Undergrad: 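Would you mind keeping the following structure in view while I ask a few things?
To find a chain, count down the sequence lines: A is the first, B the second, and so on, and within it residues start at 1. If you're wondering where the values come from, they're calculated on a predicted model, not measured in any experiment.
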Amino acid sequence: MGVRRTPRVDWALLNEVTHFLYYESSLLDRRQYEEWLALLTDDVMYRVPQRTTRERKKRNDTIIDETAFFEEDIYSIRLRIARRAMKSAWVEDPPARNRHFISNIMVEEVAPGAQEVDVRSNFLILRNRGQAHDDYRVFGERLDKLRRVDDEWKICARVIYPDQAVLSIMNLDFM
Amino acid sequence: MIDNQTLQRIQEKLDEGKLPQWVKYDADIFQMEIDKIFGTTWNYLGHVSELHEPGSYVTRWIANDPILLTKNKDGEIQAFLNSCTHRGAKLCTTDYGNSKAFTCPYHGWTYDSDGQLIGVTAGNKVYGKEMVRDEWALRPVPRLEIYAGLIFGNLDVNAMPLESYLGNLKWYLDILVNRTEGGLEVLGVPQRWVVQTNWKVTAENFCADSYHALTAHRSTVEMGISPDFVSQAGFGYQIKLHHGHGLNLVLNPPGMDSFKYQGLPNQLWPLFQHKLSADQLSILEHLQVHVGNCFPNLSWVSIPQSVGHEFVTTFVNLRVWRPIAPDKIEICSWVLIDKEAPEAYKHQANRAYIISFGPSGTLEEDDCEIWTRITECSKASMARDKDLRYDNVLNYLMGFDRVQPDENFPGPGVAYPTWLLDTSIRNFWEEWLRLLRAN
């Protein structure tokens, strides 16, 4: 018997988590921020550290944790959402059209009955604005920690690793 | 090409407080800027705190020129064109690191952190007396000078010294970057992103256009997370300086004295008192926002921000608007704070920057949108007409021939008693035009 290389899958859990992530990103695409907020725990950690280009021997060291594009807790997330609702938040008027594509979802093996799961996924966000012919894109990998709260999943941590060292998108929404 | 008569017409409009719109998007102007401005002025490359130890390096840009900035084994900082002298390939392709040597992937020529050619593949077998290694060192940036931890390079070997170029700006920069013995340190790595606009649009914004905050940033003011620009109506000063530099000092109005030194930690205050003059210290004590531009494209801002908690935190942000095309820049933006600040404060300072500036910043996300729209419209035929038949000039008239300098202001340069003014922006454009017209 050889060593098993592909982790076993808990299909029921994977389906549940996949559906949760699809639902969650649809709220962002539809700008239903209040509903999206309800999917975050109060102790949520939401981070987008920076990607850098390093030598191959440092290839596992390309993420810079010291500085970031987002470094948020629930208070600053609420503040950002409240600001975007203001009449003079020009970036929102007229709003851009964002579309999240979430794929390659993998749930890390957890102990039976665990209340938290680690989830990896890839993301591609395409954005079009106004009459622009060109679309913006941002893409990379996400590491989520989901927690079961009152029989529902919530996000208690999300770390997003962008694949660009120089972003080609001029401003960022929640990813 | 742009002839003298066309440049003269720009001068005539500037003399009236107006600017032809076509200069914000023009391929010929762009190439002239690369040669005559970025080829002759002092360009910011980085901060000494980014080069930690001998062998440390970072890669940077001066407009089109890829620059390798190193610290050699003696701890001296050096800058080179990041291009192998053999066939011209880019030598170092990473953002930063530490390396004793840099090897070109094409034929294997190897250089040390002094730029010396220390290795030639099969050297003795393939080269004879025709090869004199000393002649094939990396090409140094002709001038490299440091002021208060800020590293600048200049492609013009005959340029005036950096300290002369900065001139009176040093007095104002010191309030941010030279106020403690330890100086500032860069947190992490710079944010980098691309915006479809012209470098002069962003430079003039930071130079002295705090007027835009009343409208563009109304949302953060109304939420109480940014200083209240709206009701303060210009309380503070605008400073006009030689060589096209300019800045605004937004000060606390009387009655707001409980908020001192931008909310910087108390333990830093005695350090400020030790390092700064009484006049500089007084400005820092009452300072809200320090924002400006060192010609051509190094801008800075320091502003207290809330991240959703009761308290506010401040930071120093330096950024370079690297020109890539008439309608494209790459922004390279560093967040810095005093080395002596408590670690917890540094973390909060970083968060205060992130929530306000950069591509995710509540202030800058709105700015970027607007800057791209300026460039979009500046491509219009009506805007591009160099004969100005559509009267396509833009308005830089605020305070023109009306607001006079404050003779009692203690700092150098020319100080005006309000930051609601276009004077320093016109000064930026005057210097821009002077350099384009220089032989």
Side-chain angles (χ1 to χ4, degrees), chain A residues 46-59 61-94 96 129-132 134 136 138 160 162 164-175, chain B residues 59 92-99 186-197 215-226 306-310 330-335 346-348 350-355 358-373 376:
Chain A
Y46 183 100
R47 310 190 60 240
V48 185
Q50 285 175 231
R51 177 77 72 179
T52 57
T53 306
R54 307 289 310 272
E55 301 154 63
R56 183 165 60 178
K57 66 185 179 199
K58 300 275 189 187
R59 67 184 178 279
D61 216 4
T62 65
I63 290 296
I64 302 303
D65 273 317
E66 247 181 305
T67 42
F69 291 112
F70 282 94
E71 184 69 71
E72 312 300 314
D73 57 22
I74 194 71
Y75 301 101
S76 63
I77 292 172
R78 283 182 188 143
L79 184 149
R80 285 175 180 275
I81 288 171
R83 190 200 80 85
R84 288 203 158 201
M86 306 283 282
K87 200 175 162 196
S88 58
W90 307 109
V91 72
E92 285 295 296
D93 192 12
R129 184 185 290 283
Q131 302 164 11
D134 297 328
Y136 287 100
V138 56
I160 297 166
Q164 289 178 315
V166 181
L167 298 182
S168 59
I169 192 167
M170 69 173 151
N171 46 36
L172 293 168
D173 276 315
F174 291 112
M175 290 179 274
Chain B
T59 53
C92 178
T93 51
T94 60
D95 294 339
Y96 72 100
N98 190 297
S99 186
V186 168
L187 303 179
V189 296
Q191 292 182 339
R192 295 169 66 185
W193 74 106
V194 171
V195 180
Q196 306 293 326
T197 191
T215 304
H217 303 314
R218 195 180 187 93
S219 62
T220 60
V221 172
E222 284 176 356
M223 291 190 63
I225 54 176
S226 293
S306 161
V307 292
H309 302 282
E310 291 295 303
E330 181 188 317
I331 305 176
C332 188
S333 177
W334 296 260
V335 52
K346 290 177 185 174
H347 178 69
Q348 289 303 325
N350 191 30
R351 290 196 64 203
Y353 165 80
I354 291 166
I355 204 162
S360 61
T362 52
L363 297 168
E364 193 147 5
E365 62 182 356
D366 283 346
D367 284 326
C368 286
E369 290 288 341
I370 297 164
W371 292 333
T372 62
R373 294 174 201 174
E376 181 185 350

Undergrad: For chain A, find which of B/G308, B/G361, B/C92 contributes the most heavy-atom pairs closer than 4.5 angstrom.
TA: B/G308
Undergrad: If every non-hydrogen atom of A/S76 is compared with every non-hydrogen atom of B/I355, which pair is closest and at what distance?
TA: CB-CD1, 3.7 Å
Undergrad: Do you know which two heavy atoms are closest between B/T94 and A/T53, and how far apart they sit?
TA: CB-O, 3.4 Å
Undergrad: Using non-hydrogen atoms only, which part of A/A165 is less than 4.5 Å away from chain B: side chain, backbone, both, or neither?
TA: both
Undergrad: Considering only heavy atoms, which portion of B/Y353 lies under 4.5 Å from any heavy atom of chain A: side chain, backbone, both, or neither?
TA: neither
Undergrad: Which distance, rounded to the nearest 0.5 Å, do you find between the CD of B/E330 and the CG of A/L167?
TA: 10.0 Å
Undergrad: Using 4.0 Å as the upper bound for N to carboxylate O, is an ion pair formed by A/R83 and B/E365?
TA: yes
Undergrad: Enter the distance from A/F69:CZ to B/S360:OG here, rounded to the nearest 0.5 Å.
TA: 7.5 Å
Undergrad: Side chain from CB out, backbone as N, CA, C, O: work out which of these in A/I77 comes under 4.5 Å of a heavy atom of chain B, or both, or neither.
TA: neither
Undergrad: Looking only at heavy atoms, what is the nearest atom pair of B/M223 and A/A82, with distance?
TA: CE-CB, 3.6 Å
Undergrad: Minimum heavy-atom separation for B/I354 and A/E71, please, with both atom names.
TA: CD1-CB, 3.8 Å
Undergrad: A side-chain contact here means heavy atoms from C-beta on lying under 4.5 Å apart; do B/N350 and A/T67 qualify?
TA: yes
Undergrad: Is A/E72 close to chain B through its backbone or its side chain, or both, or neither, when contacts mean heavy atoms under 4.5 Å?
TA: both
Undergrad: Report which part of B/T372 has an atom under 4.5 Å of a heavy atom belonging to chain A: side chain, backbone, both, or neither.
TA: side chain
Undergrad: In chain order, what residues pass the side chain to side chain contact (heavy atoms under 4.5 Å, CB included) check against A/S88, with sequence neighbours excluded?
TA: A/W90, B/R218, B/S219, B/E222
Undergrad: Using heavy-atom distances under 4.5 Å, tell me whether A/Q50 contacts chain B through its side chain, its backbone, both, or neither.
TA: side chain
Undergrad: Tell me, side chain or backbone of A/R78 under 4.5 Å from chain B's heavy atoms, or both, or neither?
TA: neither
Undergrad: For A/D65, is it the side chain, the backbone, both or neither that has a heavy atom under 4.5 Å from a heavy atom of chain B?
TA: neither
Undergrad: Contact part of A/M170 toward chain B, heavy-atom cut-off under 4.5 Å: side chain, backbone, both or neither?
TA: both
Undergrad: Could you pull out all residues at least two apart from A/K57 that satisfy salt bridge (Lys or Arg N to Asp or Glu O under 4.0 Å)?
TA: A/E55
Undergrad: Minimum heavy-atom separation for B/V189 and A/T52, please, with both atom names.
TA: CG2-CG2, 3.9 Å
Undergrad: Given a strict heavy-atom distance threshold of 4.5 Å, which part of B/E376 is in contact with chain A: side chain, backbone, both, or neither?
TA: neither
Undergrad: Side chain, backbone, both or neither: which part of A/A96 has a non-hydrogen atom closer than 4.5 Å to chain B?
TA: neither
Undergrad: If you tally heavy-atom pairs under 4.5 Å against chain A, which of B/A216, B/P190, B/S99 wins?
TA: B/A216
Undergrad: Any chance you could lay out the side-chain hydrogen bond (donor to acceptor under 3.5 Å, both in side chains) test for A/N171 and B/E369, step after step, and finish with the verdict?
TA: CA-CA 8 Å; A/N171 46 36; B/E369 290 288 341; 3.2 Å; yes
Undergrad: As an exercise: rank A/K58, A/R54, A/R84, A/E92 by heavy-atom pairs under 4.5 Å with chain B and give me the winner.
TA: A/R54
Undergrad: With rounding to the nearest 0.5 angstrom, report the CG to OG1 distance, A/L79 to B/T220.
TA: 9.5 Å
Undergrad: Among A/S168, A/A85, A/A89, which has the most heavy-atom pairs under 4.5 Å with chain B?
TA: A/A89
